[in-house]
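Single-structure report; data block below.
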There are 2 protein chains.
Amino acid sequence: MTEGVVERSRPRDRILETARDMFHKHGIKGVGVDAITEAAGTNKMTLYRHFESKDDLIVECLRANAAKAGAMWEAFEAEFPGDKLAQLHAWVRKAAAMLNADGRGCDMANAAAELTEPDHPARLVIKELKEAQRERLVTLCRDAGIGQAELLADTLSLLFEGARVSVQTVGAEGPSTQFVRMAEGLIVSFRGTAAG
Amino acid sequence: MTEGVVERSRPRDRILETARDMFHKHGIKGVGVDAITEAAGTNKMTLYRHFESKDDLIVECLRANAAKAGAMWEAFEAEFPGDKLAQLHAWVRKAAAMLNADGRGCDMANAAAELTEPDHPARLVIKELKEAQRERLVTLCRDAGIGQAELLADTLSLLFEGARVSVQTVGAEGPSTQFVRMAEGLIVSFRGTAAG
DNA sequence: CTAGGGTGTTACCGGTCTGTAACTATGCAA
DNA sequence: TTGCATAGTTACAGACCGGTAACACCCTAG
């Protein structure tokens with residue numbers, strides 16, 4: 001009765017979820033473990049019983065983000081079963097929606113900007129997850145029957161990545177407003193050229 | 001009359017230069033003022049005699065970066081006087097060179113990722129300087145006789161921005177390798193369409 | 001020579017950070 | 001009931017952070 005909060009989930013899940021949100025909003029070095037545990041309604045000892053270190057927590061947060069992104073791809077397939085071109089356009093719409101979601105960029109890109117030590121554990125998983133994402137987009141382009149699928153996928157991915165940092169620096173009214181127009185134009189252009 | 005021998009630049013210049021380098025390499029929150037002054041061969045008191053605070057130093061570093069970038073544009077004009085299209089291609093080559101320079105992205109984008117407080121003094125100058133950069137590229141495209149100059153400029157700028165974060169996340173062997181090909185293709189494509 | 005501005009040195013303040021120790025409280029299961 | 005895993009509490013260690021005070025130094029202008 002008196003407790004109506006989200007105390008239903010287990011401390012580990014609450015910590016992970018809260019950390020994801022706070023890292024996203026305030027950056028990784030801008031949030032301490034004390035603030036995370038307090039916001040998660042638990043305490044520091046419990047955090048360190050579930051995670052080896054803050055770096056470990058960071059890595060788990062990045063993996064959780066990637067898992068959520070993976071679910072997005074499954075949603076595309078569910079919405080347009082077999083229609084790969086429609087799924088590609090869905091990706092463009094979803095990307096545009098993320099641009100307007102909040103003024104923060106990609107969590108992995110932001111993490112890479114903050115964690116500069118070359119052997120930081122997060123850098124490995126960032127590279128791994130970004131490469132997996134790229135592979136997915138390349139496959140989607142190829143299955144959509146587009147020639148030079150790699151080039152289109154890389155171009156779209158660079159445009160999106162650039163748009164995300166653009167909203168973070170100059171805001172949502174900057175060059176990123178043209179993202180959909182650019183992306184759709186590119187898809188049309190690549191569809192026009194014969195495969196090869 | 002008094003000046004002449006510059007065997008060693010003044011403390012303020014050394015601090016500014018050192019801070020620019022260290023912020024670039026290790027991020028802003030990853031470097032303390034003690035480390036900066038020590039690397040600059042001076043001490044903390046001297047830093048605080050020339051800069052109001054670390055935030056003030058950050059802003060001055062960003063402005064110094066922008067000034068250096070401004071010199072780049074003048075170099076284009078000096079190398080290809082009046083030939084705006086050649087200057088645009090020079091911009092593409094210069095951008096590609098920056099991608100391979102080191103694995104770090106744009107200092108302003110990285111600063112925006114780190115400094116999340118909405119009213120942080122650095123955010124204002126980042127927006128101001130990025131908008132100035134964009135205006136320069138738009139003007140160059142327009143003077144090069146390209147129709148839809150804004151759209152080309154924004155597309156190129158997003159591609160470049162995306163390529164910089166890409167090298168920072170997956171490395172220089174990722175999608176950013178195709179940057180020149182993408183950019184040149186876009187310029188050709190936009191030149192083909194009639195102005196209007 | 002002298003005065004003074006720029007610089008260097010040392011020590012310190014109050015705060016925050018990650019991470020740990022020791023102990024207590026709770027809930028569930030045999 | 002007993003036993004054990006999980007979670008909460010308090011306190012602390014050790015390091016680092018941005019920023020300041022007080023004072024000694026040196027070079028040069030006058």
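Residue numbers start from 1 in every chain, and the chains themselves are labelled A, B, ... in the order their sequence lines are given, proteins ahead of strands. Below, each value reflects all heavy atoms present in this structure, side chains not excepted, and no hydrogens, waters or symmetry copies. Keep in mind it's a predicted model, so treat the numbers as computed, not measured.
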In 5'-to-3' order, the base (B), backbone-only (S) or no-contact (-) status of each nucleotide in nucleotides 18-25 of chain C, using a 4.0 angstrom heavy-atom cut-off, is BBBBB---
Classify the side-chain pair His24(B)/Asp102(B) by whether it contains a donor and acceptor separated by less than 3.5 Å.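 Side-chain D/A pair, His24(B) to Asp102(B): present.
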Compare side-chain N and O positions of [X] against OP1 and OP2 of [N] and report whether any pair is under 4.0 Å apart.
{"X": "Thr42(A)", "N": "dG8(D)", "answer": "yes"}
{"X": "His50(A)", "N": "dT6(D)", "answer": "no"}
{"X": "Thr46(A)", "N": "dG8(D)", "answer": "yes"}

Would you give the length of the straight line joining atom CG of Asp107(A) to atom CG of Leu62(A), rounded to the nearest 0.5 angstrom?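 The distance works out to 7.5 Å.
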Atom CG in Leu99(B), atom CZ in Arg164(B): separation rounded to 0.5 Å?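 With rounding to 0.5 Å, CG (Leu99(B)) is 7.0 Å from CZ (Arg164(B)).
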Can you pull out every ring-ring contact (aromatic ring centres under 6.0 Å, His included) where at least one residue sits in residues 137-184 of chain B? Sequence neighbours excluded, please.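 Qualifying pairs: Trp91(B)-Phe160(B), Phe160(B)-Phe179(B).
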Should Leu57(B) and Ile36(B) count as side-chain neighbours, where that means a heavy-atom distance under 4.5 Å?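 Yes; the side chains approach each other to less than 4.5 Å.
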Does the side chain of Ser166(B) reach to within under 4.5 Å of the side chain of Glu161(A), using non-hydrogen atoms?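 No, their side chains stay 4.5 Å or more apart.
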Rounded to the nearest Å, what distance is computed from the [atom1] atom of residue [X] to the [atom2] atom of nucleotide [N]?
{"X": "Arg10(A)", "N": "dT6(D)", "atom1": "CZ", "atom2": "P", "value": "9 Å"}
{"X": "Leu47(A)", "N": "dT9(D)", "atom1": "CG", "atom2": "P", "value": "15 Å"}
{"X": "Arg14(B)", "N": "dG6(C)", "atom1": "CZ", "atom2": "P", "value": "15 Å"}
{"X": "Ile58(B)", "N": "dG18(D)", "atom1": "CD1", "atom2": "C1'", "value": "11 Å"}
{"X": "Lys29(B)", "N": "dG18(D)", "atom1": "NZ", "atom2": "P", "value": "11 Å"}
{"X": "Asn43(A)", "N": "dT26(C)", "atom1": "CG", "atom2": "P", "value": "14 Å"}
{"X": "Ile15(A)", "N": "dT6(D)", "atom1": "CD1", "atom2": "P", "value": "14 Å"}

Strand contacts (DNA chain D) in residues 16-26 of chain B, 4.0 angstrom heavy-atom criterion: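 DNA chain D contact set from residues 16-26 of chain B: none.
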By salt bridge (Lys or Arg N to Asp or Glu O under 4.0 Å), which residues pair with Glu128(B), not counting sequence neighbours?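 Glu128(B): salt bridge (Lys or Arg N to Asp or Glu O under 4.0 Å) contacts with Arg63(B).
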Please report, to 0.1 Å, the donor-acceptor pairs under 3.5 Å made by any side chain of residues 68-78 of chain B, with sequence neighbours excluded.
{"residue": "Glu77(B)", "atom": "OE1", "partner": "Lys84(B)", "partner atom": "NZ", "Å": "3.1"}
{"residue": "Glu77(B)", "atom": "OE1", "partner": "Gln87(B)", "partner atom": "NE2", "Å": "2.8"}
{"residue": "Glu77(B)", "atom": "OE2", "partner": "Gly82(B)", "partner atom": "N", "Å": "3.2"}

Kindly write out the residues that satisfy side chain to side chain donor-acceptor pair (under 3.5 Å) with Arg136(B), not counting sequence neighbours, or none if the list is empty.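 Per chain and number, Arg136(B) pairs via side chain to side chain donor-acceptor pair (under 3.5 Å) with no residue.
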